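Only this structure's heavy atoms are used, side chains among them; waters, hydrogens and symmetry mates stay out. From a predicted model like this one, the values you see are computed outputs, not experimental measurements.
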Amino acid sequence: MAENLLIAGATMYTFERFAQEIKQALVATGLLTEDQIDLSVPKAKGATGDLALPCFKAAKAQGGNPAQLAQQLAQQLTLPADGLIGTVEVAGPYVNFSLRQAAFAAEVLHDVAERGEHYGCADNATGRTVIVEYSSPNIAKRMHVGHIRSTIIGQAIANLYACSGYQVVRDNHLGDYGKQFGVMIAAVQRYGRPDAEGEAALEQMEGIYQRYNNLLRDAAAADEEFNPDAEGDLDDEARAWSLKLEQDDPQAVELWQWMVDLTKAANQRNYDRLGVHFDTQHGESFYKHLLGEVINAAGESELAERDNGAVIIKDLPDARGKTLPTFLIQRSDGGTLYITRDIATIKHREATYDPAAIIYIVGQPQELHFRQTFALARALGYTDAELTHVSFGTVFDAQGQALSTRKGNMIYLEALLDESYTRAKALIEQKVAEGKTTLSAEQIDAVAKQVGVGAVIYNDLYQDPKRNITVDWDRMLAFEGNSAPYLQYMHARCCSILREGAPLAADYSAALLVHPTEQSLLKEIARLPEVVREAAERFAPFVIADWLYATARAFSAFYDACSVLKAETAELRAARLHLVDATAQALRNGLALLSIQAPERM
RNA sequence: GUGGGCGUAGCUCAGUGGAUAGAGCAUCGGUCUUCUAAACCGACGGUCAAGGGUUCGAGUCCCUUCGCCCACGCCA
């Protein structure tokens, strides 16, 4: 993917041009070849420089001494007069290259101004399609923590691929298929439809589903309607509805469709609050016409064995050649399984989109399922797309128990967003009372929504999704330190300065931005394009979050050290206003990649 | 048992073979008459789970061991 972004004609951002200049100058010495050049960012505390060449590799290839080679290189380098390279220093086996501050500042600010809200993104379309499957809640149930993680992480990954020049298909793969829908329909017939809306309606659905299930089991003794004689009937009833549904019985389909619509409407409220949208929301049932083909194709292959009517796949190797555990693609009663439907889905996607990649945002417990799915889809020749399972860790409560509805420790999306909004609003009202900011009641409400949602999103995106999470409300909804509200606050401060300092001068001298905090801030802003690329390649939104935090901190340090509106000279004021403008734009762009809003006041 | 993930400061986490391992929270100490203190500056805090190996160089790669989480043919 990195190659795609460097093809001729693509816009190169400042840091790329800097690296390019260094490579060209190094190769021109004739002392090493391009493949021996591996530039890195200097980490040593005393090191001066913005990019470094460690000389170990080249020296080894030539049988020489790294420190000597570094010396020779530094002596024989000829630098372009008006380029980005400022000074070159040798530190032992390293050659350190520093940016020429004036040129660097001008080019970074120019990059941002020119690209605006697209700054950081690849501007050349790859012409390739990526499908991102995320959120994927179940019909007739509330979205719980797992779906929340999938929704938020998936949305960010989809954003990252769109920003990287891919055509992105955002696919909400709804859980609308399976035996439980027979029970669900029977339960609705018996207890009636919910009278609430939104998540409350789904909560009622969960309730009657549970109640019906309890009736089926002996645990139903407590239910006043329990009648031992009816038990067998109840089971038959559910089974009958399940069968009717599969046979497209009009009444069953109508009830099922009603549940789908109810659930979609309820979830849509939450998606709207989160700013999440999808291009397609097909459920598993959408792919059922392909199930027969899948089973036939697999059944005829050498991979399959039949056992009492079931179709079993044995000894299938995965992408790394490891043999996967045996699994079924057809039950002995002829029914299909989750994996059968997932493979049918791949077949459909290949035919519909010809994707370069399909990215699944699903929890870690399904790691084996996806290895099996991918391996079988490949073995059947259904796709040549890159298939990736981005797995995320489990959420545990403070006692170390996994969250579950039955234990009563589950966290649902609506309640989480409400809690976050309430906390944000209380904090904003406190700031207003302290005279720190002035906002109307309407503005308080709007900002509380943006800050509340931002905190929830950031909690899922600031770290590697692989990690398990322990519930801690204070940390989840933190408004200080490394948190969304901090990032939003720094953006709002930028906006405040820009309001006061408007309009921006058409002519200004970026060369005046030589204060250490100004240069540090510029360097952070300049990193965004490479950060976007890395985040996409690693399926890692937290790389963006890291960058946002570093950039916001750099701005904060600048804000503290340098007054913009009361700068020493009018020229410096003008230049700093442009720096603040670029900072605001870069922060907005980074936040947008995470689907976090950037209020102008807070 | 087999396979996957994780193990870095008291807690939550970055660190993708390069130089003296970094942040936030917590604790302690400074900084608002100033462009918003949701902030800034400083201090404290480390046997990178343990042991071996690979190499100029390992938190990072390989092997072994330990601990935690998860998965493993008729749920999704």
Please state the [atom1] separation for the pair [N] and [M] - nearest whole angstrom.
N	M	atom1	answer
B/A9	B/C44	C1'	10 Å
B/G52	B/U60	P	13 Å
B/G67	B/A14	P	24 Å
B/A58	B/G18	P	11 Å
B/A23	B/G46	C1'	14 Å
B/G42	B/A49	C1'	32 Å
B/G24	B/G15	C1'	15 Å

Rounded interatomic separation in angstrom, taking [atom1] from [X] and [atom2] from [N]:
X	N	atom1	atom2	value
A/L504	B/C35	CG	P	20 Å
A/L324	B/G3	CG	C1'	9 Å
A/K436	B/U34	NZ	P	11 Å
A/K141	B/C75	NZ	P	14 Å
A/W547	B/G22	CH2	P	23 Å
A/Y489	B/C40	OH	P	9 Å
A/R553	B/A14	CZ	P	17 Å
A/D315	B/C72	CG	P	19 Å

Given [options], identify the nucleotide with an atom nearest to the side chain of [X].
X	options	result
A/D307	B/G24, B/C74, B/A14	B/C74
A/Y549	B/A38, B/G15, B/A23	B/A23
A/R467	B/U8, B/G4, B/A39	B/U8
A/R341	B/G5, B/A76, B/U36	B/A76
A/E284	B/A39, B/U55, B/A76	B/A76
A/L565	B/G73, B/A38, B/C35	B/C35
A/F542	B/G4, B/G15, B/U12	B/G15
A/A91	B/A19, B/G4, B/G7	B/A19

Return the nucleotide paired to [N]: Watson-Crick means purine N1 to pyrimidine N3 with N6-O4 or O6-N4, wobble means G-U with N1-O2 and O6-N3, both under 3.5 Å.
N	result
B/G29	B/C41
B/U36	none
B/G3	B/C70
B/C75	none
B/C61	B/G53
B/A23	B/U12

### Stacked pair A/Y94-B/G18, distance under 5.5 Å, angle under 30°
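Here the ring of A/Y94 and the base of B/G18 are not stacked, as the 5.5 Å and 30° limits are not both satisfied.
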
In this structure, is the centre-to-centre distance between the rings of [Y] and [X] below 6.0 Å?
X	Y	value
A/Y287	A/H173	yes
A/Y549	A/Y458	no
A/F374	A/Y360	yes

Any base atoms under 4.0 Å from [X], or only sugar-phosphate, or nothing? Heavy atoms, all strands.
X	value
A/C55	nothing
A/R601	base
A/T326	base

#### Entry: Donor-acceptor pair (no angle test) under 3.5 Å: A/S496 side chain, B/C35 base
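Result: no qualifying N/O pair found.
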
### Message
Any N or O donor-acceptor pair under 3.5 Å from the base of B/A19 to the side chain of A/N96?
### Response
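Such a pair exists between side chain and base.
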
### Query
Would you call A/E419-A/R423 a salt bridge at under 4.0 Å N-O?
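The answer is yes: the pair qualifies as a salt bridge.
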
#### Entry: salt_bridge(A/K141, A/E206) N-O dist < 4.0 Å
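Looking at A/E206 together with A/K141, the answer is no, because their closest N to O distance does not fall below 4.0 Å.
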
Is [X] close enough to [N] that one of its side-chain N or O atoms is under 4.0 Å from OP1 or OP2 there?
X	N	answer
A/Y559	B/A38	no
A/R573	B/C35	no
A/K179	B/C75	yes

### Message
Is it true that A/D546 and A/Y462 share a donor-acceptor pair across their side chains at a distance under 3.5 Å?
### Response
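Absent: no donor and acceptor within the cut-off.
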
### Query
Since syn is defined as within 90° of 0, does B/C32 count as syn or as anti?
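This nucleotide is in syn.
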
#### Entry: Conformer about C1'-N of B/G5 - syn within 90° of 0, anti elsewhere
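Anti.
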
### Task
Kindly give the heavy-atom pair with the smallest separation between A/A304 and A/V311, and that separation in Å.
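Taking every non-hydrogen atom into account, CB-CG1, 4.0 Å.
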
### Task
Kindly indicate whether a cation-pi arrangement holds for A/R493 with A/Y559, taking the cut-offs as under 6.0 Å to the six-membered ring centre and within 45° of the axis.
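Yes, a cation-pi geometry.
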
